[in-house]
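Taking it in order: structure first as structure tokens, then the write-up.
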Amino acid sequence: MTYASALPGQPRGGTIGGPATDRAVCVLAPNASPMTLDGTNTWIVAEPDSDLAVVIDPGPLDDAHLKEVIATAERAGRRVALTLLTHGHPDHAEGAARFAELTRTSVRALDPALRLGDEGLELGDVITTGGLELRVVSTPGHTADSLSFHLPADGAVLTGDTVLGRGTTVVAHPDGRLGDYLDSLRRLRSLTVDDGVDTVLPGHGPVLNDARGAVEYYLAHRANRLAQVETAVEDGYRSPAEVVAQVYADVDRSLWPAAELSVRAQLDYLRGHGLI
């Protein structure tokens, strides 16, 4: 999922997990890896005076983690009333069905295959559980079904894997598409410029206190990588593996398979725009 080691955006120091804003609390899943960073951030979101909570991305199928999410909500005097998914990758969604069983909640997602209940999620939907206002933002690119959730009252956006707290995100070809991803980053940037969003609550890594700086870094990073890939092709490196070896030579080789997914997406983008 990530193959860079640093990300502007003023990452918040300290332990990942616990309260992040007035309405959002993170429960960190125990699935740390080079691809998932410290683990998956499961978010509990609720109005301060409400006894109902929304959970975003229950995470992997790990009963201890799922029960800790429920216990964290209950210690704050809240009952989990709804489960949402940013996308369907297993580190975010594999535990959703079990979590729904434990909480007797529905699961809402963009992908119908991930839903439990009659309602899905679409661009423009507003979640109002327990008086909470969460606005659904379409952010495909990492995957075709990726969503973000705008939390206006906290000036925050929950980004799943679209923007991470550390490093940069793989465009998971062929499901993920670079053109869509760039459009999604621009959409998030508009939230920071026009809608007062200053905080990123990511699916992995620390909270970012400079949302605009993070998104603009991502856009610049993508433009730079795209130029590097184009140059590599012009220099005669044709296959995705060859391009990865040239462009990502400074990246840990264990992450090259993930980098190759992004390279495939970049090659498709360049071909589609007649640049190679």
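All values derive from a computational prediction rather than experimental measurement. Sequence positions, counted from 1, serve as the residue numbers for this chain.
Residues passing the side chain to side chain contact (heavy atoms under 4.5 Å, CB included) test with N31 are A29, T36, T40, P60, D91, sequence neighbours excluded. Remark: R253 engages W256 in a side chain to side chain contact (heavy atoms under 4.5 Å, CB included) (not counting sequence neighbours). A search for ring-ring contact (aromatic ring centres under 6.0 Å, His included) contacts involving Y269 returns H273, not counting sequence neighbours. Among residues two or more places apart in sequence or in another chain, the side chain to side chain contact (heavy atoms under 4.5 Å, CB included) test is passed with R135 by V126, E133, H150, P152.
The closest donor-acceptor contact from the side chain of H204 to the backbone of G39 lies under 3.5 Å. At distances below 3.5 Å, at least one donor-acceptor pair connects side-chain atoms of S50 with backbone N or O atoms of G130. No donor-acceptor distance shorter than 3.5 angstrom exists from the side chain of E230 to the backbone of L226, with no hydrogens or angles considered. Proximity of a side-chain donor or acceptor of T42 to a complementary backbone N or O of P58 within less than 3.5 Å is detected. Without hydrogens or angle criteria, T139 side chain to S148 main chain gives a donor-acceptor distance under 3.5 Å. Counting only distance, with no hydrogens or angles, the side chain of T159 and the backbone of T162 share no donor-acceptor pair below 3.5 Å. Under a 3.5 Å cut-off, the side chain of D175 and the backbone N or O of A172 do not form any donor-acceptor pair. Looking only at distances, a side-chain donor or acceptor of R108 sits under 3.5 Å from a matching main-chain atom of G120. A donor-acceptor contact shorter than 3.5 Å links the side chain of S184 to the backbone of P140.
Pairing each heavy atom of A81 with each of T105, the nearest pair is C-CG2, 3.5 Å. Taking both residues in full, the closest heavy atoms of R166 and L37 are given as O-CD1, 3.3 Å, listed atom of the first, atom of the second, then distance. The two residues V247 and A232 make their nearest non-hydrogen contact at CG2-CB, 4.1 Å. Here the shortest heavy-atom pairing between W43 and A20 reads CZ3-CB, 3.6 Å. Residues G176 and A265 share a closest heavy-atom pair of O-CB, 4.4 Å. Closest approach of T168 and L164 over heavy atoms only: O-CD1, 3.8 Å.
Between R212 and E216 there is a salt bridge, since a side-chain N of the basic residue sits under 4.0 Å from a carboxylate O of the acidic one. A salt bridge does not link D268 with R177: every distance from a Lys NZ or Arg NE/NH1/NH2 to an Asp or Glu carboxylate oxygen is 4.0 Å or more. Using a 4.0 Å cut-off between a side-chain N of Lys or Arg and a carboxylate O of Asp or Glu, R264 and E260 qualify as a salt bridge.
Taking the six-membered ring for Trp and thresholds of 30 and 60 degrees, H87 and H142 have ring planes more than 60 degrees apart, a perpendicular arrangement. In this pair, Y218 and Y181 present their aromatic rings tilted. The plane angle is within the 30 to 60° band.
In this structure, the separation between OG1 on T143 and CG on D111 is 9.0 Å, given to the nearest 0.5 Å. Rounded to the nearest 0.5 Å, atoms CG (D198) and CG (L208) are 11.5 Å apart. Taken from CG in D38 to CG in L28, the straight-line distance is 6.0 Å, to the nearest 0.5 Å. Taking CG of D180 as the reference point, atom CG of L185 lies at 11.0 Å (rounded to 0.5 Å). Between atom CG of residue D57 and atom OG1 of residue T86 there is a gap of 3.5 Å, rounded to the nearest 0.5 Å. Taken to the nearest 0.5 Å, the CG atom of L84 stands 14.0 Å off from the NE2 atom of H92.
With a 6.0 Å radius and a threshold of 12 heavy atoms from other residues, nucleotides or ligands, R104 has its CZ atom at or below the threshold.
Side-chain atoms of N41 and L201, non-hydrogen and from C-beta on, never get closer than 4.5 Å to each other. The side-chain heavy atoms of L267 and P240, taken from C-beta on, include a pair separated by under 4.5 Å. Counting heavy atoms from C-beta on, the side chains of T231 and Q246 never come closer than 4.5 Å.
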Intermediate values then yes/no, side-chain hydrogen bond (donor to acceptor under 3.5 Å, both in side chains), E68 and T72: CA-CA 6 Å; E68 178 58 25; T72 300; 3.2 Å; yes
Between E122 and V136, is a side chain to side chain contact (heavy atoms under 4.5 Å, CB included) present by the stated rule, with each step listed? CA-CA 7 Å; E122 301 291 345; V136 178; over 6 Å; no
Worked verdict on L151 versus L132 for side chain to side chain contact (heavy atoms under 4.5 Å, CB included): CA-CA 9 Å; L151 180 57; L132 183 73; 3.9 Å; yes
For V54 and F149, what are the C-alpha separation, side-chain angles and deciding distance, and is it a side chain to side chain contact (heavy atoms under 4.5 Å, CB included)? CA-CA 12 Å; V54 174; F149 298 99; over 6 Å; no
Report the C-alpha distance between I276 and E234 in whole Å, list the side-chain angles of each, state the deciding distance to 0.1 Å, and finish with yes or no for side chain to side chain contact (heavy atoms under 4.5 Å, CB included). CA-CA 8 Å; I276 59 172; E234 290 172 350; 5.7 Å; no
Under 3.5 Å, side-chain donor or acceptor atoms of residues 187-195 against the rest of the protein: list the pairs with distances, not counting sequence neighbours.
{"residue": "R187", "atom": "NH1", "partner": "S138", "partner atom": "O", "Å": "2.5"}
{"residue": "S190", "atom": "OG", "partner": "R187", "partner atom": "O", "Å": "2.6"}
{"residue": "T192", "atom": "OG1", "partner": "R189", "partner atom": "O", "Å": "2.6"}

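Screening residues 42-53 for salt bridge (charged side-chain N to carboxylate O under 4.0 Å, His left out) gives R23-E47 as the qualifying pairs, with residues at least two apart or on separate chains.
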